Amino acid sequence: MQIKDLLSTGKNGRLMFSGIDTVELAGEYGTPLYVMDEEAIRQNMREYKRALEECYGKSSMVCYASKAFACKEIYRIAMDEGIGADVVSAGELLTAVSVDFPADKIVFHGNNKSDDELLLALNCGVGLIAVDNIEEIRTLDKLAKRLDKKAKISLRIKPGVTAHTHEFIRTGAIDSKFGFALETGEAMEAVLLAANCESLALTGFNCHIGSQIFDAEPFAAAAEVMLEFIAKVQKQTGAPIESLNLGGGFAIRYTDGDREVNYREYSLKIAKITKQKCEELGIPVPFMMIEPGRSIVGNAGITLYKVGAVKNIPGHRKYVLIDGGFTDNPRYSLYGAKYDIIAADKAAADMNETITLAGKCCESGDLIGENMPAPSLEPGGIVAVLATGAYNYSMASNYNRLPKPAVVMLKGGKSRIVVKRETLNDLLRNDI
Ligand SMILES: *Cc1c(COP(=O)(O)O)cnc(C)c1O
């Protein structure tokens with residue numbers, strides 16, 4: 001599912017998202033506004049689930065990496081689609097279990113989980129805790145013993161493969177704050193320590209090699225390294241390693257310049273190498289897991305803003321000032337991320353201008369994009385920024401004491417609020 005598949009131009013020339021008039025949405029719910037399409041999210045989840053089952057049968061699980069977009073409704077949808085979920089904090093875990101998400105389908109990640117977070121994970125009965133460091137192995141063993149539980153864990157490994165967008169590096173990836181390094185022997189040390197902990201059951205390994213990755217090769221390379229490690233661990237320790245989790249990071253098409261990604265083909269390529277490698281090593285194919293976040297929700301969402309003013313600085317640039325900014329979408333200021341925009345009130349207008357889309361915060365770096373192709377935009381108009389479903393709402397802040405926007409979900413030609421807009425009173429709630 002691509003963002004462009006959800007967009008059309010209505011009879012009045014307005015931008016329709018999933019068949020609904022975006023100018024009317026902005027009028028009804030206010031701006032800035034996150035708008036997401038439920039069917040697109042479900043289709044993305046199904047596409048991954050089907051692909052994994054095609055590759056590995058039932059011995060597989062797709063976990064939605066909920067940091068991409070976390071709220072009660074997304075856990076309800078993931079639960080309804082029968083997939084698992086990744087969480088990385090007590091907040092995400094509590095949100096999931098508050099809507100009765102099955103705890104045994106939750107993987108708890110994080111490189112510095114607090115004791116309270118680990119206790120919550122144990123008490124909720126999460127399916128797997130992805131342990132990140134030696135300290136955590138010791139702490140979790142102690143806490144599990146205290147509760148008279150046996151914690152099922154996997155260890156986060158640095159496979160020595162890191163990837164970003166179109167490049168990947170096979171070696172030298174030990175400089176990361178996440179997980180255990182293979183090269184230094186740290187990973188094997190962790191295995192031996194965990195295997196000796198009475199209250200831990202080491203059942204698998206996990207890795208995550210990067211984000212917005214367009215090619216299958218880096219995943220296949222990581223899978224090979226991880227499988228070699230599994231074979232080595234089984235030989236040296238006899239530990240019953242059942243699962244291999246290859247993480248997330250599958251790319252989406254943000255702008256027209258990005259190519260489309262076919263997640264089924266992607267999965268088939270990785271599965272082929274995985275199976276070949278298992279045969280070569282003489283080990284059974286593990287229970288395979290992946291954790292897509294961005295590619296489940298990213299292309300299912302847009303953000304609507306109202307233009308407040310336009311500043312044309314001759315010889316320099318044209319700023320279009322909107323009523324949100326890096327408080328609701330920090331991705332340009334964080335990583336120079338690129339977006340396409342459309343004028344919601346004249347969706348088919350020529351893109352004959354080049355603009356800088358700037359927010360309302362007191363920071364010059366508060367931009368959604370620079371050198372963006374745009375139609376002429378005027379004060380009062382509505383602008384849609386495309387493919388904002390991932391890492392926008394979940395990364396939103398209250399800088400300058402701006403309330404976070406509402407999230408509206410579309411389905412079957414109807415819209416509903418799934419996250420209310422913060423009020424000014426919400427901003428005062430915790431102040432003494
Ligand atoms: C961020 C993350 C993911 C999801 O990454 P996407 O790029 O959103 O698919 C999955 N697993 C882990 C461990 C992560 O840190």
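These numbers were taken from a predicted model, which means no experiment stands behind them. Every number for a ligand or one of its atoms is a count from 1 in the order of the listing.
By the side-chain contact (heavy atoms from CB on, under 4.5 Å) test, N133 pairs with E135, E136, sequence neighbours left out. Take P102 and apply the side-chain contact (heavy atoms from CB on, under 4.5 Å) test, not counting sequence neighbours, and it matches M79, D104, K105.
Annotation: side chain of Y56 is in contact with side chain of K275 (closest heavy-atom distance under 4.5 Å).
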When you pair each N or O of ligand 1 with protein N or O atoms, which pairs come out under 3.5 Å?
{"residue": "ligand 1", "atom": "7 (O)", "partner": "S211", "partner atom": "OG", "Å": "2.7"}
{"residue": "ligand 1", "atom": "7 (O)", "partner": "G249", "partner atom": "N", "Å": "3.4"}
{"residue": "ligand 1", "atom": "8 (O)", "partner": "R294", "partner atom": "N", "Å": "2.7"}
{"residue": "ligand 1", "atom": "8 (O)", "partner": "Y391", "partner atom": "OH", "Å": "2.5"}
{"residue": "ligand 1", "atom": "9 (O)", "partner": "G249", "partner atom": "N", "Å": "2.8"}
{"residue": "ligand 1", "atom": "9 (O)", "partner": "G293", "partner atom": "N", "Å": "2.9"}
{"residue": "ligand 1", "atom": "11 (N)", "partner": "E291", "partner atom": "OE1", "Å": "2.7"}
{"residue": "ligand 1", "atom": "15 (O)", "partner": "K67", "partner atom": "NZ", "Å": "2.7"}

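Salt bridge absent: D426 and K420 never bring a charged side-chain N and a carboxylate O closer than 4.0 Å.
The distance between the ring centers of Y332 and Y339 does not fall below 6.0 angstrom.
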Just distance, no hydrogens or angles: give the donor-acceptor pairs under 3.5 Å from side chains in residues 240-250, sequence neighbours left out.
{"residue": "N245", "atom": "OD1", "partner": "G247", "partner atom": "N", "Å": "2.9"}
{"residue": "N245", "atom": "ND2", "partner": "E291", "partner atom": "OE2", "Å": "2.7"}

